[in-house]
Amino acid sequence: MALRMWASSTANALKISCASKPYLSLSRCFSTVLDGLKYAESHEWVKHEGSVATIGITDHAQDHLGEVVFVELPEPGGSVSKGKGFGAVESVKATSDINSPISGEIVEVNSKLSEAPGMINSSPYEEGWMIKVKPSSPSELESLMGSKEYTKFCEEEDASH
Amino acid sequence: MRGPLKLEVWKMGFVNYLDALKLQEKLVSDRKLCRIPDTLLSLQHPPTYTLGKRRTDHNLLIPASELKNIGAELHYTQRGGDITFHGPHQAILYPIISLREIGLGARNYVEKLESTMIELSSLYGVKACAGQKGETGVWVGERKIGAIGVRISHGITSHGLAFNIDPELKYFKHIVPCGITDKEVTSLRRETSTMLPSEEVIHEQLISCFARLFGYNTVVWKENPSILSDHEEIA
């Protein structure tokens with residue numbers, strides 16, 4: 001407990017987001033959390049730019065999944081609903097559902113991921129993006145977490161182990 | 001610090017694959033709604049080949065139409081992993097647990113499933129280890145003794161692990177097991193010089209290893225749980 005508090009206060013002093021178990025080696029600790037994105041409790045991120053929202057999974061998520069070897073994504077033109085699954089990834093012989101943080105119409109899908117699923121691990125916020133959506137209820141974005149909230153959420157989730 | 005963790009274990013004997021799948025789907029839904037605690041199904045299947053989400057049926061080496069002749073079924077599933085075989089004398093565990101509540105990701109969860117089988121093997125003096133990168137599972141040297149294939153939906157697990165106590169290994173000749181060529185499949189019977197107790201004892205040991213590794217303080221046993229199946233438990 002004391003070590004966790006020390007690590008948190010050290011992280012705060014260094015202004016670093018610490019989103020993992022602090023009692024592991026600190027160099028292993030930090031998942032990247034980007035400002036300006038919104039986050040769901042199921043570890044997906046949303047980047048809202050104009051009329052389009054891009055969705056992917058976070059650095060914390062890809063780290064906890066392990067090496068992604070397969071990605072299943074929907075077709076463009078389909079729709080997604082907040083909290084419902086839209087696809088899946090496979091890593092370490094486990095398929096994990098990916099859930100959409102918002103509702104809307106799918107306007108683009110990252111087809112590169114079928115050939116290079118590992119981009120989700122190496123570039124979760126950029127080349128590893130999964131779908132682009134036209135949000136049908138923009139107010140849904142407000143109920144998602146900001147970067148600070150999500151960082152704290154990850155810390156608490158990892159600490160419960 | 002999390003509170004006390006309860007595991008409910010269903011000892012089910014022989015269960016047809018599809019019946020087990022339907023049961024898991026129901027339990028996943030119940031667990032997601034917190035109607036049930038973390039639940040562990042312990043069972044065996046009649047001879048059954050299964051494929052994962054990637055549908056790697058090029059790894060089935062005989063025509064699907066011939067499977068009936070060898071007394072086996074084939075099922076496509078949503079789990080991770082490649083093709084595998086399940087059959088009598090193979091201990092199967094299907095944990096239906098909430099990974100979010102215990103703070104585990106897929107990678108850590110699978111590692112703990114590997115550890116469960118590694119620990120069980122060590123009870124019989126068998127030195128098993130986790131696979132190299134990309135070869136999830138449990139190995140004794142170059143021979144595979146335990147397989148894993150998991151599905152995680154809204155943080156709830158289904159499918160799980162299969163540990164070879166003494167299955168009929170010739171069934172594995174009809175597939176490229178787990179998509180890995182040139183590696184043998186083995187069993188506890190083959191690897192240990194220790195006398196094996198009854199399979200029921202080994203199943204209970206496997207369950208205990210699981211419960212201990214996952215930190216369950218309370219284990220509740222449910223004998224002869226009801227399931228929609230015509231199959232009777234075979235002793």
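Below, read A as the first sequence line, B as the second, and so on, with proteins coming before strands; counting in each chain starts at 1.
Distance check, rounded to the nearest 0.5 Å: CD of A/E157 to CD1 of B/I102 gives 11.0 Å. Note: B/R107 CZ to A/S91 OG = 9.0 Å, rounded to the nearest 0.5 Å. Here the CZ-CD distance, from B/R151 to A/E90, works out to 12.0 Å after rounding to the nearest 0.5 Å.
Within 6.0 Å of atom NZ in B/K32, 12 or fewer heavy atoms from other residues, nucleotides or ligands are found, so the atom counts as exposed in its surroundings. For CZ of B/R54, the number of neighbouring non-hydrogen atoms (other residues, nucleotides, ligands) closer than 6.0 Å is greater than 12. More than 12 heavy-atom neighbours from other residues, nucleotides or ligands sit within 6.0 angstrom of NZ on B/K183.
The main-chain N or O of B/T136 is found under 3.5 Å from a side-chain atom of A/K93 such that the two form a donor-acceptor pair.
In terms of heavy-atom proximity, B/K53 sits nearest to A/A88 at CE-CB, 3.5 Å.
The stretch residues 76-85 of chain B places B/Q78, B/R79, B/G80, B/G81, B/D82 near chain A, each with some heavy atom under 4.5 Å from a heavy atom of that chain. Of all residues in residues 94-131 of chain A, those placing a non-hydrogen atom less than 4.5 angstrom from a non-hydrogen atom of chain B are A/A94, A/T95, A/S96, A/D97, A/N99.
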